[in-house]
Every structure is written in C-alpha cells, then in structure tokens.
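Just so it is clear, the values below take in all heavy atoms, side chains as well, and ignore hydrogens, waters and symmetry mates.
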Amino acid sequence: MRTTVQIRGDEVIGDRSYAVHIRMDTDVSVTVELEAQLPGGDVVAEGSFILPITDLVPAGQLIEATLRGLAAIRTGARTSAKSREAPANAGSPWSAEQDDELRRLWTDTADPVPQLATHFGRSRAAIKARLLHLALNPDDPTRQKITTS
C-alpha cells in the first residue's frame with residue numbers, strides 16, 4: 001500500500017496570494033509547486049520542482065539563502081556575515097580521528113582549505129587553526145610540518 005502525503009500552505013504578502021503545495025507519494029522524492037496570484041486571480045508567478053527526500057534540508061537552506069541574497073541586492077540592504085548559517089560542526093571539539101584524517105588529507109592529498117572546510121563541516125578559519133594546532137602550516141605550499149628551533 002502506498003501512502004500519499006500532501007501539504008498546502010497559503011500566505012498573503014502585499015497584494016499577492018502565494019500557495020505552496022507539497023506532495024510526497026514515495027519514499028524517494030517530493031514535488032513542490034508554487035503559485036502567486038493577484039487579487040483578481042491573475043497568476044503572476046508559478047513553478048514546480050522535484051527533490052530527492054535526502055536533499056530537502058540542504059535544498060531548503062540553499063533556496064532560502066539565495067532568496068535572501070537576491071532580496072538584499074534588490075533593496076540595497078547589507079547582509080552581515082553573522083546572518084550566515086554556521087557550518088554543521090562549528091564549535092564542536094575535534095576528535096583524534098578527525099585530527100588524523102585532517103593531517104592525512106592535508107599532507108597526502110593536498111586538498112585546499114575550502115574543500116577541507118566543506119568536508120569537515122567547519123569554517124575555513126577553523127581548518128587553518130586546527131592545522132596550526134597540528135603543527136602544520138596552512139600557508140605552506142609544500143605542506144611540511146612546522147619545525148621549532
């Protein structure tokens with residue numbers, strides 16, 4: 001037996017009425033439909049997309065961040081760095097296993113700091129700070145261990 005889940009949300013913003021209809025009838029994907037109408041019923045915006053269930057949260061965050069950025073550009077408002085969402089592991093302690101993996105990736109694969117930040121769910125600054133903690137110079141292209149005299 002297949003279960004279908006449907007959710008509908010309506011919101012009036014200014015002179016427009018927005019409707020979002022979400023339909024999930026499998027454990028694999030979700031269909032999202034959006035429509036905006038003027039008071040007389042004229043449709044002024046519409047669209048739909050299908051997302052894998054596993055991508056709902058990151059896709060939602062991407063859509064929200066993109067729309068906020070566009071709104072800021074449109075209104076001329078400035079967005080602060082503090083309004084960005086923190087990386088998933090921001091503020092979490094590093095485990096010995098993560099230290100070993102960071103050390104290995106830094107010295108063996110030469111992954112760049114931005115890629116390491118994404119991999120570990122941390123900021124670029126956190127990766128650089130941890131490399132220094134591990135006696136690895138984040139600014140050394142040869143990636144040699146820091147030696148103290």
Side-chain angles (χ1 to χ4, degrees), residues 1-134 136-139 141 143:
M1 185 170 126
R2 197 154 115 176
T3 302
T4 299
V5 176
Q6 294 191 37
I7 301 169
R8 183 170 177 91
D10 295 290
E11 184 76 30
V12 175
I13 303 170
D15 66 342
R16 289 180 171 81
S17 173
Y18 287 88
V20 177
H21 184 220
I22 299 171
R23 186 174 58 254
M24 179 178 70
D25 56 7
T26 69
D27 290 337
V28 178
S29 65
V30 170
T31 301
V32 179
E33 298 171 341
L34 173 71
E35 182 178 88
Q37 294 182 355
L38 293 174
D42 293 331
V43 175
V44 293
E46 64 182 330
S48 66
F49 53 92
I50 300 171
L51 290 172
I53 287 183
T54 56
D55 295 350
L56 293 178
V57 171
Q61 292 169 338
L62 172 63
I63 291 167
E64 179 184 12
T66 302
L67 293 176
R68 284 186 187 281
L70 288 171
I73 291 169
R74 175 89 170 110
T75 62
R78 297 184 52 103
T79 58
S80 74
K82 292 183 188 236
S83 66
R84 281 188 238 142
E85 189 170 315
N89 294 319
S92 300
W94 286 80
S95 69
E97 293 81 16
Q98 288 172 326
D99 281 345
D100 291 343
E101 184 180 9
L102 178 59
R103 188 181 291 108
R104 181 184 56 76
L105 290 173
W106 182 253
T107 57
D108 296 347
T109 66
D111 288 346
V113 169
Q115 187 174 333
L116 292 169
T118 300
H119 176 78
F120 286 99
R122 300 189 184 261
S123 69
R124 294 175 186 186
I127 295 296
K128 288 183 174 189
R130 198 61 183 184
L131 288 169
L132 287 171
H133 176 81
L134 297 172
L136 298 167
N137 185 348
D139 299 318
R143 302 193 176 204

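Across all their heavy atoms, S29 and M24 have their closest contact at O-CG, 3.7 Å. Contact record, S123 with P87: N-CG, 3.6 Å, taken as the closest heavy-atom pair.
Every side-chain hydrogen bond (donor to acceptor under 3.5 Å, both in side chains) that D99 has, sequence neighbours left out, goes to R130.
Rounding to the nearest 0.5 Å places CG of L105 at 11.5 Å from CD of Q98. The CD1 atom of I127 lies 4.0 Å from the CH2 atom of W94; values are rounded to the nearest 0.5 Å. Taken from CD in Q6 to OG1 in T31, the straight-line distance is 10.0 Å, to the nearest 0.5 Å. Separating the CG atom in D10 from the NE2 atom in H21 is a distance of 10.5 Å, to the nearest 0.5 Å. Between atom CZ of residue R103 and atom CG of residue D108 there is a gap of 11.0 Å, rounded to the nearest 0.5 Å. Rounding to the nearest 0.5 Å gives a distance of 12.0 Å between CG of D15 and CD of Q37.
H119 has its side chain out of reach of L102: every pair of non-hydrogen atoms, C-beta onward, lies at least 4.5 Å apart. Looking only at side-chain heavy atoms (C-beta outward), Y18 and V20 stay at 4.5 Å or farther from each other. Put simply, the side chain of R23 reaches to within 4.5 Å of the side chain of E33, judged on heavy atoms. When side chains are defined from C-beta on, F49 counts as touching I63, because their heavy atoms get closer than 4.5 Å.
A donor-acceptor pair under 3.5 Å links the side-chain atoms of R122 to the main chain of N89, judged by distance alone. Panel note: side chain Q115, backbone P112; no donor-acceptor pair is recorded below 3.5 Å.
Partner of L56 under the side chain to side chain contact (heavy atoms under 4.5 Å, CB included) criterion, out of V32, I22, V30: V30 alone.
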